[in-house]
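A quick write-up on the structure given underneath.
Basis for what follows: all heavy atoms, side chains included, without hydrogens, waters or symmetry-related copies.
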Amino acid sequence: MLTVIDQALRARLCASPARDRVITATLIYQCDDPLAARLAFPASATLDGAEVTWAFARDLLAAGLRMPTGDGDVHVWPCGRRRTMIELSSPVGVALLQLDTEDVQDFLTRSYTAVPPGEESRYLDLDAALAALLAEE
């Protein structure tokens, strides 16, 4: 059974005060990949004009609502009570996004209804994942 939860939300892309712009992004959760959350951006919001999706730990997103967290390419932290910041780093550059915390909490609540925290291993198909990895070689 494949269950996908997606939630469109408004995100402020922070460049500089004069160049900030609001874009629509989509948070995505797939039960067959229960440890991950995805954040997708439409082509109109990217530098190269192609749709981009970032994947990172669902736990990282949840922890970032309470305190600064993240190592590597994705960092999440609260910005007051109503906003959450996500920083995405790549070799091309850095994107800083401001989201409504309530939207992120709603998304996480829906994902926890589908796959409760601590029960992710019940939804992993390790045989299929291993077979897919071996097929790529």
Side-chain angles (χ1 to χ4, degrees):
M1 174 182 84
L2 174 63
T3 299
V4 177
I5 295 166
D6 60 1
Q7 182 168 332
L9 46 84
R10 293 170 44 102
R12 179 171 301 281
L13 183 57
C14 304
S16 67
R19 293 184 40 201
D20 281 7
R21 67 181 181 142
V22 175
I23 60 171
T24 299
T26 305
L27 279 168
I28 304 163
Y29 182 77
Q30 296 174 229
C31 291
D32 65 341
D33 190 7
L35 297 171
R38 289 174 173 73
L39 185 58
F41 301 96
S44 61
T46 67
L47 293 175
D48 63 359
E51 187 173 305
V52 173
T53 301
W54 283 75
F56 46 88
R58 176 173 72 162
D59 288 347
L60 178 119
L61 185 60
L65 295 178
R66 298 181 311 277
M67 65 185 149
T69 189
D71 283 328
D73 298 341
V74 180
H75 294 91
V76 183
W77 66 92
C79 182
R81 295 177 137 181
R82 297 179 44 210
R83 304 283 185 258
T84 299
M85 304 300 293
I86 298 180
E87 181 184 67
L88 305 169
S89 301
S90 77
V92 176
V94 176
L96 182 61
L97 302 154
Q98 184 182 68
L99 308 173
D100 287 342
T101 299
E102 185 176 333
D103 291 340
V104 178
Q105 287 173 327
D106 289 346
F107 168 78
L108 287 168
T109 298
R110 292 172 62 210
S111 79
Y112 292 146
T113 299
V115 178
E119 294 188 22
E120 292 89 353
S121 63
R122 292 183 42 210
Y123 294 81
L124 289 172
D125 186 349
L126 296 178
D127 291 334
L130 181 59
L133 285 173
L134 294 174
E136 290 178 4
E137 291 183 15

Between C14 and D20 the two heavy atoms that sit nearest each other are CA-OD1, 3.3 Å

Measuring only between side-chain heavy atoms, which start at C-beta, is V94 closer than 4.5 Å to L88? no

In short, salt bridge (charged side-chain N to carboxylate O under 4.0 Å, His left out) pairs touching residues 36-47 with sequence neighbours left out are D33-R38

Measuring from I5:CD1 to D106:CG, what's the distance to the nearest 0.5 Å? 12.0 Å

Euclidean distance, Q7 CD relative to S111 OG, rounded to 0.5 Å: 10.0 Å

Gap between atom CD of Q98 and atom CG of L13 - 0.5 Å precision: 11.0 Å

Does Q105, at its CD atom, have more than 12 non-hydrogen atoms belonging to other residues, nucleotides or ligands within less than 6.0 Å? yes

Check whether any side-chain heavy atom of L108 lies under 4.5 Å from a side-chain heavy atom of L65, and answer yes or no. yes

Interatomic distance, CG@L39 vs CG@L99, rounded to 0.5 Å, equals 6.5 Å

Between the main-chain N or O of A36 and the side-chain N or O of Y29, is there a donor-acceptor pair closer than 3.5 Å? no

When hydrophobic residues are tied together by side-chain contacts of less than 4.5 Å, even through go-betweens, does Y112 share a cluster with L35? no

Has R110 got more than 12 heavy atoms of other residues, nucleotides or ligands less than 6.0 Å from its CZ? yes

Is L27 close to D6 at the side-chain level, that is, under 4.5 Å between some pair of heavy atoms? no

Of all pairs that satisfy salt bridge (charged side-chain N to carboxylate O under 4.0 Å, His left out), the ones with a partner from residues 77-101, not counting sequence neighbours: R83-D100

Does L97 share a hydrophobic cluster with W54, counting links as ILVMFWY side-chain heavy atoms below 4.5 Å and allowing steps through other members? yes

Under 4.5 Å between side-chain heavy atoms, chaining through other members, with only Ile, Leu, Val, Met, Phe, Trp and Tyr counted: pull out the rest of the cluster around L96, sorted by chain and number. W77, M85

Which pairs with one or both residues in residues 46-72 pass salt bridge (charged side-chain N to carboxylate O under 4.0 Å, His left out), sequence neighbours excluded? R58-E120

Quick check: closest heavy atoms across C31 and V115, and the distance to 0.1 Å? SG-CG2, 3.7 Å

Nearest heavy-atom contact between G49 and A43 is O-CB, 3.2 Å

Which distance, rounded to the nearest 0.5 Å, do you find between the CG of L61 and the OG1 of T69? 10.5 Å

Scanning both residues in full, the closest heavy-atom pair of T24 with A8 reads CG2-CB, 4.3 Å

Tracing side-chain contacts under 4.5 Å among Ile, Leu, Val, Met, Phe, Trp and Tyr outward from M67 reaches none

For T26, what residues pass the side-chain hydrogen bond (donor to acceptor under 3.5 Å, both in side chains) criterion, not counting sequence neighbours? none

